[in-house]
Amino acid sequence: MLVNRPRRLRANEQIRSLVRETQLSVNDLIYPIFLVEGTNIKEEIPTLPNNYHFSVDMLREEIEELIELGIKSVILFGVPNKKDEFGSEAYNENGIVQRGIKEIKKISKEILVVTDVCMCQYTDHGHCGIIEEGMVDNDSTLEYLAKIALSHAKVGADVIAPSDMMDGRVAAIRNILDKNRYHNIPIMSYSAKYASAFYGPFRAAAHSAPQFGDRKTYQMDPCNSDEAIREVELDIMEGADIVIIKPALSYMDIIRRIKDNFNVPIAAYNVSGEYAMIKAAAKAGLVDEKIIVKEMLTSIKRAGADIIITYFAKDLARWILEE
Ligand SMILES: [Zn+2]
């Protein structure tokens, strides 16, 4: 006689929804925004269909749309015109991200502004730090990252998100923020950021591909998992309030291990390659975009992510509203 019948709890949508363990919410989402110099620009990013390069003056409509959809958080990336060896536009008080933060705060106080802190979009060599003797030098980079973070805090950033993967940068940023009385600004650290091929479309969008070598001397080896635990542990010790795992899909095991080992909120970055692959497959008629995106984002949350940074944020918010 068959006694175990798990199918009883799958019999109809009512009972399925009653026992559903993981549910996506618009509260989980952070939407990435790319800022460019100039005025009157809203240009679709060819590698990231349905995502745009915005000049600061064109942000209003976008921000108002996000509020309408219930999305409360954005993460800003700057694409400056001027690049140099030291990425000096990154800490320019009138830089593209700094102006973007001020503009968003002017449009609405409801949006949480997270800022990506890195140098690769701002350096002429495209690396995430200062080059010394042909190598990215860790300790001299820290000073610059701290300066960038402070410049964001000064104009109203709500959360600082360092993505460079230098050792000690969370402490360096925490230190400079605290010294300047920004002790209430959280650090959301890209703690386990892998050297991944899934970043391809982003690099084209942010014009941040390295001009020589690769990022394997600072981003993590995709083969490693224990190392992610160590990175997260160090970042928490240095003062990280939230940790990011990036990318998401190929690193679900990492998300789960971090969830099981630590008690800080986890953000997963559903990266550009993950987005672009689905967009391409949907366009080719191979998959149902809505169903597959919901499945993907749900599985990221089920793996243990509390927060999802995703280019699908607006689509998902719309689908949730429709339900
Ligand atoms: Zn970088």
More than 12 heavy atoms of other residues, nucleotides or ligands under 6.0 Å from CD of Glu65: is that the case? yes
What are the two closest non-hydrogen atoms of Leu29 and Ala313, and how far apart are they? CD1-O, 3.7 Å
To the nearest 0.5 angstrom, please state how far the NZ atom of Lys83 sits from the CE atom of Met119. 12.0 Å
Are Leu112 and Leu59 connected in a single hydrophobic cluster, I mean Ile/Leu/Val/Met/Phe/Trp/Tyr linked by side-chain heavy atoms less than 4.5 Å apart? yes
Greater than 12 external heavy atoms within 6.0 Å of Glu44's CD: yes
At what distance, to the nearest 0.5 angstrom, does CG of Leu316 lie from CD1 of Ile71? 8.0 Å
State whether a side-chain donor-acceptor pair under 3.5 Å links Asp57 with Thr39. no
Start with the C-alpha gap between Asp164 and Lys193, add the side-chain angles, then the distance that decides, and say whether salt bridge (charged side-chain N to carboxylate O under 4.0 Å, His left out) holds. CA-CA 9 Å; Asp164 51 281; Lys193 181 176 180 182; over 6 Å; no
Mind checking whether Phe202 and Phe34 have ring centres under 6.0 Å apart? yes
Within a 6.0 Å radius of atom CD on Glu227, are there more than 12 heavy atoms belonging to other residues, nucleotides or ligands? yes
Should Ile258 and Leu234 be regarded as members of a common hydrophobic cluster, given that ILVMFWY residues are connected when their side-chain heavy atoms come within less than 4.5 Å of each other, either directly or indirectly? no
Indicate the atoms forming the closest heavy-atom contact of Ile244 with Ile309, along with that distance. CD1-CD1, 4.1 Å
So, is the end of the Lys246 side chain (NZ or CZ) under 6.0 Å from the ring centre of Tyr190 and within 45° of the ring's axis? no
The reported gap from NE2 in His125 to CD1 in Ile130 (rounded to nearest 0.5 angstrom) is 6.0 Å
So do the side chains of Leu24 and Ile308 get within less than 4.5 Å of each other, counting heavy atoms only? yes
Closest non-hydrogen atom pair between Pro32 and Thr310, with its separation: CD-O, 3.3 Å
How about Val136 and Cys128: do any of their side-chain heavy atoms sit closer than 4.5 Å? no
Check the surroundings of atom CD in Glu21: do more than 12 heavy atoms from other residues, nucleotides or ligands lie under 6.0 Å from it? no
Rounding to 0.5 Å, atoms OG (Ser208) and CZ (Arg215) come to a distance of 5.0 Å
Check whether more than 12 heavy atoms from other residues, nucleotides or ligands sit under 6.0 Å from atom CZ of Arg20, and answer yes or no. yes
Report, as yes or no, whether the 6.0 Å neighbourhood of atom CE on Met277 holds more than 12 heavy atoms from other residues, nucleotides or ligands. yes
Within 6.0 angstrom of Lys42 NZ, more than 12 heavy atoms from elsewhere: yes
Between OG1 of Thr47 and NZ of Lys279, what distance do you get to the nearest 0.5 Å? 13.0 Å
Start with the C-alpha distance between Arg16 and Glu13, add both sets of side-chain angles, then the distance that settles salt bridge (charged side-chain N to carboxylate O under 4.0 Å, His left out), and finish with yes or no. CA-CA 5 Å; Arg16 285 194 298 271; Glu13 177 52 25; 3.4 Å; yes
For Tyr275, the option from Tyr311, Phe198, Tyr269, Tyr199 that meets ring-ring contact (aromatic ring centres under 6.0 Å, His included): Tyr311
Assign the ring pair Tyr218 / His127 to parallel, tilted or perpendicular, where the plane angle (0 to 90°) is split at 30° and 60°. perpendicular
Surrounding CD of Glu322 (heavy atoms of other residues, nucleotides or ligands, distance under 6.0 Å), is the total greater than 12? yes
Show the nearest heavy-atom pair for residues Gln98 and His152, with the distance to one decimal. NE2-CD2, 3.6 Å
Roughly how far, to the nearest 0.5 Å, is CZ of Arg169 from OG1 of Thr141? 11.5 Å
State, yes or no, whether a side-chain contact exists between Asp235 and Ile187 at a heavy-atom distance under 4.5 Å. no
List the atom of Phe86, the atom of Thr123, and the distance in Å for their closest heavy-atom pair. C-CG2, 4.3 Å
Return the minimal non-hydrogen interatomic distance between Ile67 and Ser108, and the atom names on each side. CD1-OG, 3.3 Å
